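For reference, the structure is listed below as structure tokens.
A quick note: this is a predicted structure, and the numbers were derived from the prediction, not measured. Whatever order the structure lists them in is the order used to number ligands and atoms, beginning at 1.
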Amino acid sequence: MSPPVDPAVALAPRLPSPLQRVHDERLARRGVELWLKRDDLVHPAVPGNKWRKLAPNLKAALDQGHARLLTFGGAYSNHIRAVAAAGAAVGLGTVGVVRGDELARAERNWSLARAEGYGMELAFWDRARFRETLRGLAEPETVRGLEERWGRCYVLPEGGTNVAAARGATEIVSELVADLPDLGPGDVVCCAVGTGGTLAGIAAALPEGARALGVAVVKGARYLDGEVASLHERGWGRTFANWRIDHDHHGGGYGRVPAELAAFAEDFQALHGLAVERRYVAKMLRCVYDLAGGERLPPGSRVTAVITGPADPVQ
Ligand SMILES: *Cc1c(COP(=O)(O)O)cnc(C)c1O
């Protein structure tokens with residue numbers, strides 16, 4: 001048997017991701033400094049936090065001799081596309097279970113078409129079955145059900161978040177500390193929160209005094225606080241008090257992009273040359289601008305905004 005492929009060799013991510021300073025009068029006036037951690041540039045097909053979170057899981061899947069990855073996501077899931085591309089690169093088959101059985105008969109959107117283009121097998125499940133299965137992933141019975149249909153597979157939950165993924169996200173902070181060795185009190189590292197894996201890793205890795213601020217992109221998603229705490233408990237055997245989640249900048253819910261938010265993103269692009277991804281990154285940046293100079297980001301704060309992914313080809 002040939003030795004397992006090294007995902008970091010097969011995919012050749014661009015690491016460390018660049019760190020860039022942003023000069024913006026609106027923030028300077030309120031005493032806040034902004035830096036962008038450009039994780040969107042890590043890999044063209046497995047960008048941003050998707051590389052960070054998948055890397056340890058790809059390695060585990062290969063080390064355990066798996067031939068296939070199986071995961072879950074919505075119709076435009078960045079995670080589904082990233083798994084499809086990563087699997088193809090390291091020689092693992094991929095299955096994507098997609099929320100919504102009505103999509104089976106519809107024309108493939110650009111995101112699912114891309115996933116299929118990488119060789120991913122798609123299955124479309126109604127919402128109840130999808131939800132039930134995700135809820136039961138910790139039960140051997142649920143995994144057995146999946147394996148009856150697809151054979152032995154390495155199962156990744158929706159969004160790819162598990163303890164290994166959160167550990168992968170700690171590398172964002174390791175790189176940041178190399179660029180800003182004085183990272184500490186006054187520093188706030190911000191990221192968008194879909195499932196909380198990225199935030200959990202960042203918070204766990206921050207040096208003393210630095211804080212993490214996650215911006216929930218899902219409406220009313222208080223369970224995310226519990227998710228992050230649970231990842232810390234399972235992965236680090238402790239809690240961390242250096243993070244919080246903002247629940248006021250979801251823009252109306254997952255996938256919703258109000259006109260005002262789109263305008264903010266366009267303005268940011270015009271001023272700073274970053275094509276702003278709308279479903280996650282725009283909401284996180286909007287939150288930073290809203291909170292700058294206030295109690296949460298007081299004057300003197302140095303904010304590092306983690307750009308967790310590139311703009312969609314179709315906004
Ligand atoms: C998946 C994704 C996130 C969410 O990350 P979590 O670890 O699930 O919280 C944030 N930003 C972008 C661009 C993403 O694709």
Any heavy atom of [X] closer to ligand 1 than 4.0 angstrom?
X      : result
Leu199 : no
Arg279 : no
Gly48  : no
Lys50  : yes

Task: Parallel, tilted or perpendicular: rings of Phe264 and Phe268 (30°, 60°) - done: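 Tilted, since the angle between the ring planes falls between 30° and 60°.
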TODO: Look at the aromatic rings of Trp243 and His232 and report parallel, tilted or perpendicular, splitting at 30° and 60°.
DONE: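 Ring orientation, 0 to 90° scale: perpendicular.
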Task: N/O donor-acceptor pair under 3.5 Å between Asp246 side chain and His249 backbone - done: yes
TODO: Keeping the roles fixed (side chain from Arg244, backbone from Arg211), state whether a donor-acceptor pair exists under 3.5 Å.
DONE: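 Here the side-chain-to-backbone pair does not exist.
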TODO: Between Asn49, Ile202, Asp40, flag the one that comes closest to atom 4 (C) of ligand 1 by a heavy atom.
DONE: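 Nearest heavy atom to atom 4 (C) of ligand 1 lies in Asn49.
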Task: Identity of the nearest option to atom 11 (N) of ligand 1, non-hydrogen atoms only, from Thr308, Asp39, Val218 - done: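 Nearest heavy atom to atom 11 (N) of ligand 1 lies in Thr308.
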Would you mind checking if [Y] and [X] are paired as a salt bridge, meaning a charged N to carboxylate O distance below 4.0 Å?
X      : Y      : answer
Arg127 : Glu102 : yes
Lys219 : Asp248 : no
Arg279 : Asp312 : yes
Glu266 : Arg278 : yes
Glu132 : Arg135 : yes

Task: Donor on one side chain, acceptor on other, Asn49 and Thr308, under 3.5 Å - done: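 Side-chain D/A pair, Asn49 to Thr308: absent.
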Open item on the list: For the residue pair Arg234 / Ser230, report whether a side-chain donor-acceptor contact shorter than 3.5 Å exists.
Closed with: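 Ser230 vs Arg234: donor-acceptor pair found between side chains.
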Does any N or O of ligand 1 fall below 3.5 Å from an N or O anywhere on [X], backbone included?
X      : answer
Gly196 : yes
Glu277 : no
Val281 : no

- [ ] Give the residue, atom name and distance (to 0.1 Å) of the protein heavy atom nearest atom 10 (C) of ligand 1.
- [x] Tyr280 CD2, 3.2 Å
Atom indices of ligand 1, in the order listed, that fall short of 4.0 Å to a heavy atom of [X]:
X      : answer
Thr195 : 6 (P), 7 (O), 8 (O), 9 (O)
Thr198 : 5 (O), 6 (P), 7 (O)
Gly197 : 7 (O), 9 (O)
Gly309 : 13 (C)
Val193 : 9 (O)

Open item on the list: Can you tell me which portion of Val217 lies within the under-4.0 Å heavy-atom range of ligand 1? Options are side chain, backbone, both, or neither.
Closed with: neither
Open item on the list: Taking 4.0 Å as the limit for heavy-atom contacts, which would you say applies to Asn78 with ligand 1: side chain only, backbone only, both, or neither?
Closed with: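 For Asn78, the contact with ligand 1 is made by the side chain alone.
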